[in-house]
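What you see is a predicted model, and the numbers here were worked out from it, not measured in a lab.
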Amino acid sequence: MSATVHSAQGHHHKESFITKYIFSQDHKMIGKQYLVTAIFMAVVAVILSILFRIQLAWPGESNSVLSFFLGDTWAPDGIMNRGMYLGLVTIHGTIMVFFVLTAGLSGTFSNILIPLQLGARDMASGLLNMISYWLFFLSCALMMYSLFIETGPANAGWTIYPPLSVYEEAIGGSGMGMTLWLLSMTLFVASSLLGSLNYIVTVLNLRTKGMKMTRMPLTVWAFFVTAIIGVLSFPVLVSCVVLLLMDRTLGTSFYVNDAIIGSEILEQSGGSPILFEHLFWFLGHPEVYIVLLPALGITSEIVSNNARKPIFGYRAMIGSILAIAFLSCIVWGHHMFVTGMNPFLGGVFVFTTLLIAIPSAVKVFNYLTTLWRGNIRFTPAMLFSIGLVSSFITGGITGLILADSALDMQVHDTYFVVAHFHVVMGLSAIFGMFAGVYHWFPKMYGRMMHSKMGMVHFWLTFICAYGVFFPMHFVGIGGAPRRYYDYSVYEGFDNNQLGMIMDLNVIITIFAIIGGLAQAIFIFNFFYSARRGQVAPQNPWKSNSLEWTTPVEHIHGNWPGELPEVHRWPYDYSKPGWDDDFVPQTVPVHEGEEEH
């Protein structure tokens, strides 16, 4: 099997199976590799979450599902081991935050859309792009391997706070499991940095003729700014990890002080876990927007296209993306209100955190205004985009509570926090990812996904998502801390509180199981349609942007001849004076026509 690949002059030559499908340097193939890997990792993460939800709903009861997945070592007599419970929570969070929402979303759509929507033949460096994917793949493989080692995976939580992550004697997963976690994340950061630098250089240097920055689709703006945040914040995580490794292996004391484990006194002095928290959250909070911004950019494109209206406030949307990016880098302290922070400094973090509500509200307002009186097409992509707007509003409201230090201290480290970030960060990003897959599937595989299956998938996912995370807020308000193995033996609750928490945990778990099973519809639709779906026309959604001007059959280099020239922005929908309700970017502006 062979295909054509482009040279610097735009000529094409043959490529082999290996260079096309395995070690490909074609941005479209690399994007699909990211997507398929992320789908696999998401399936693993969902299974892990259902396993620990079963433990929370029916603690101490034997369950054959736990025996089947965990075996006698980690679930003797069908009852989950405490250490494995923490391990599953840790690996579920790590996979979802980094491998699915970060790499799966940004890696997939930045790769596929940046060159296509800018009119470029590929990324600035195809070789670095390929290396970036394979570092990501190795990172995933190491994390998966850690699930099968004798002492169990890392189990200090996805934030790996010291001292649990420092002392190998602390708990089972603090040994080899934590070492594998750190190595995996180091590879992941290297992959992310290579990818981000490639995206930035491509956007700045490879735009086709006429593609000014103010004519770029909002998707590309979102990917571009996300890459900049990644380049600024991910190196801090690397420094954080290196210091942690030195504490673990060289006897340094950056993060730990005197400690007693069992009857043994471990002599460490001078360090502080607070330093770790500062470094971790300097990456950790921008990470929220590294995940969210690509999903918001995708939603901008899909909402405008399916409302058949120009996006409302294009420049305001760009401004809000830049404002969110800047503010996201100076608010990490709101994760640390209970660490004994100086009240004045806490006040600064409260103020800057609340400021993020302004550009976030601008985005929501612009989405709603674009939808207002639009000629809306309810495709699966559009439904998931509207679902994103819904979860972004819902999660944003609870974010106001957590941004206030006085209120945050009441619910800190409870399930209220878990519910908040799953709604605003997890659901919004996942909805954006599904929207992007349904919308650009024809561009990825040349075929259409089954629309009715997509509708069923959306409604089951949407209902179950709220069925899981809405009651979880009340579990948190009831005082249930996160990461606890069994609330039924906790003496801090009275009978009413405990009964409410246990009942809600059963409801949440049932919704989680149904929602998890609903994803099988998407997976079947995805792989079946890629092989046997209806053949897609060149521009199935009647969209304006450049990716829909390429041939349905993929070629490395994207366009067979000259690169297209851009004459207008990508949101000329339902423009007065035109017979069609869309005007592609390649159509010249008429004399006397206002551009936008």
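Side chains of I171 and L164 form a contact here, defined as non-hydrogen atoms less than 4.5 Å apart. R53 is not listed as a side-chain neighbour of V468, based on a closest heavy-atom distance of 4.5 Å or more. Within the 4.5 Å cutoff, no side-chain heavy atoms of K443 are placed close to those of L113. Looking at heavy atoms from C-beta onward, L182 lies in side-chain contact with R248 at the 4.5 angstrom threshold. Residues I311 and N366 fail the side-chain proximity criterion, which asks for heavy atoms closer than 4.5 Å. Here the side chains of T226 and Y289 are not in contact, with every heavy-atom distance at 4.5 Å or above. By the 4.5 Å heavy-atom criterion applied to side chains, F349 and H335 are not counted as neighbours. Annotation: side chain of L88 is not in contact with side chain of W74 (no heavy-atom distance under 4.5 Å).
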Take I160 and M178, measure what side chain to side chain contact (heavy atoms under 4.5 Å, CB included) needs, and give me the verdict at the end. CA-CA 9 Å; I160 59 165; M178 180 52 64; 3.6 Å; yes
With side chain to side chain contact (heavy atoms under 4.5 Å, CB included) as the test, would you mind laying out the steps for M185 and M143 before giving the verdict? CA-CA 9 Å; M185 292 313 301; M143 194 62 71; 4.2 Å; yes
Run R482 and V417 through side chain to side chain contact (heavy atoms under 4.5 Å, CB included) and show every step you take. CA-CA 9 Å; R482 60 199 292 194; V417 179; 4.3 Å; yes
Just do the side chain to side chain contact (heavy atoms under 4.5 Å, CB included) check on Y85 and L56 with the steps written out, would you? CA-CA 10 Å; Y85 172 82; L56 283 174; 3.4 Å; yes
side-chain hydrogen bond (donor to acceptor under 3.5 Å, both in side chains), that's the test. Do Q33 and S24 meet it? Break it down for me. CA-CA 9 Å; Q33 288 175 325; S24 174; 5.8 Å; no
With ring pair (Phe, Tyr, Trp, His ring centres under 6.0 Å) as the test, would you mind laying out the steps for F392 and F431 before giving the verdict? CA-CA 10 Å; F392 194 54; F431 285 169; over 10 Å; no
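One finds the CE atom of M433 at 6.5 Å from the CD1 atom of I39 (value rounded to the nearest 0.5 Å). Of the inter-residue distances, the one linking L197 atom CG with S192 atom OG reads 10.5 Å to the nearest 0.5 angstrom. Note that OG1 of T202 is 13.0 Å distant from CZ of F223, once rounded to the nearest 0.5 Å. Here the CD1 atom belonging to I114 is positioned 12.5 Å from the CD atom belonging to E547, to the nearest 0.5 angstrom. Here the straight-line distance linking atom CE of M444 with atom CE of M29 works out to 12.0 Å at 0.5 Å rounding. The CG atom of L105 sits 5.0 Å away from the CD1 atom of I298 when rounded to the nearest 0.5 Å.
Remark: side-chain polar atoms of S360 are not paired, donor with acceptor, to backbone N or O of A357 under 3.5 angstrom. S196 contributes no side-chain N or O that, together with a main-chain N or O of L193, makes up a donor-acceptor pair within less than 3.5 Å. Side chain of S272 to backbone of I274: a donor-acceptor contact under 3.5 angstrom is found. Formation of a donor-acceptor pair under 3.5 Å by the T90 side chain with backbone atoms of L86 is found in this model. Here the side chain of Y161 pairs no donor or acceptor atom with the backbone of F276 at under 3.5 angstrom. Using a distance-only test at 3.5 Å, with no hydrogens or angles considered, no donor-acceptor pair links the side chain of H473 to the main chain of F416. Not a single donor-acceptor pair under 3.5 Å links the side chain of S300 to the backbone N or O of L218. With hydrogens and angles disregarded, no donor-acceptor distance shorter than 3.5 Å links the side chain of S106 to the backbone of A103. Of the possible polar contacts, none joining the W181 side chain to the I91 backbone as a donor-acceptor pair under 3.5 Å is found. Between the K363 side chain and the L296 main chain, no donor and acceptor come within less than 3.5 Å of each other.
Not a single ring pair (Phe, Tyr, Trp, His ring centres under 6.0 Å) links F337 to another residue, sequence neighbours left out. By the ring pair (Phe, Tyr, Trp, His ring centres under 6.0 Å) test, F40 is found to be paired with no residue, residues two or more places apart in sequence or in another chain being considered. Residues satisfying the salt bridge (charged side-chain N to carboxylate O under 4.0 Å, His left out) test with R215, not counting sequence neighbours, are E595.
Evaluation of the salt bridge (Lys or Arg N to Asp or Glu O under 4.0 Å) test over residues 273-301, restricted to residues two or more places apart or in two chains, returns none.
Summarising the local packing, CE of M144 is surrounded by more than 12 heavy atoms from other residues, nucleotides or ligands at distances under 6.0 Å. The neighbour count for Y466 OH, taken as heavy atoms of other residues, nucleotides or ligands under 6.0 Å away, is above 12.
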Which atom pairs, one a donor and one an acceptor, fall under 3.5 Å between side chains of residues 127-140 and the rest of the protein, sequence neighbours left out?
from: N129; atom 1: ND2; to: N111; atom 2: OD1; distance (Å): 2.6
from: S132; atom 1: OG; to: Y34; atom 2: OH; distance (Å): 2.9
from: S132; atom 1: OG; to: S191; atom 2: O; distance (Å): 2.9
from: S132; atom 1: OG; to: S191; atom 2: OG; distance (Å): 3.4
from: Y133; atom 1: OH; to: T37; atom 2: OG1; distance (Å): 2.8
from: W134; atom 1: NE1; to: I22; atom 2: O; distance (Å): 3.4
from: S139; atom 1: OG; to: S184; atom 2: O; distance (Å): 2.7
from: S139; atom 1: OG; to: S184; atom 2: OG; distance (Å): 3.1

Show me the donor-acceptor pairs within less than 3.5 Å that the side chains of residues 321-331 make with the rest of the protein, sequence neighbours left out.
from: S328; atom 1: OG; to: I324; atom 2: O; distance (Å): 3.4
from: S328; atom 1: OG; to: A325; atom 2: O; distance (Å): 2.8

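Smallest separation of non-hydrogen atoms from L147 and P153: CD2-CG, 4.1 Å. Closest approach of S239 and L279 over heavy atoms only: OG-CD2, 4.4 Å. For A295 against S428, the heavy-atom pair with the smallest separation is CB-O, 3.9 Å. Pairing each heavy atom of G83 with each of N155, the nearest pair is O-ND2, 3.6 Å.
In this pair, H92 and F52 present their aromatic rings perpendicular. The plane angle is above 60°, beyond the 30 to 60° band. Ring orientation note: the planes of F434 and Y438 are tilted relative to one another, at an angle of 30° to 60°.
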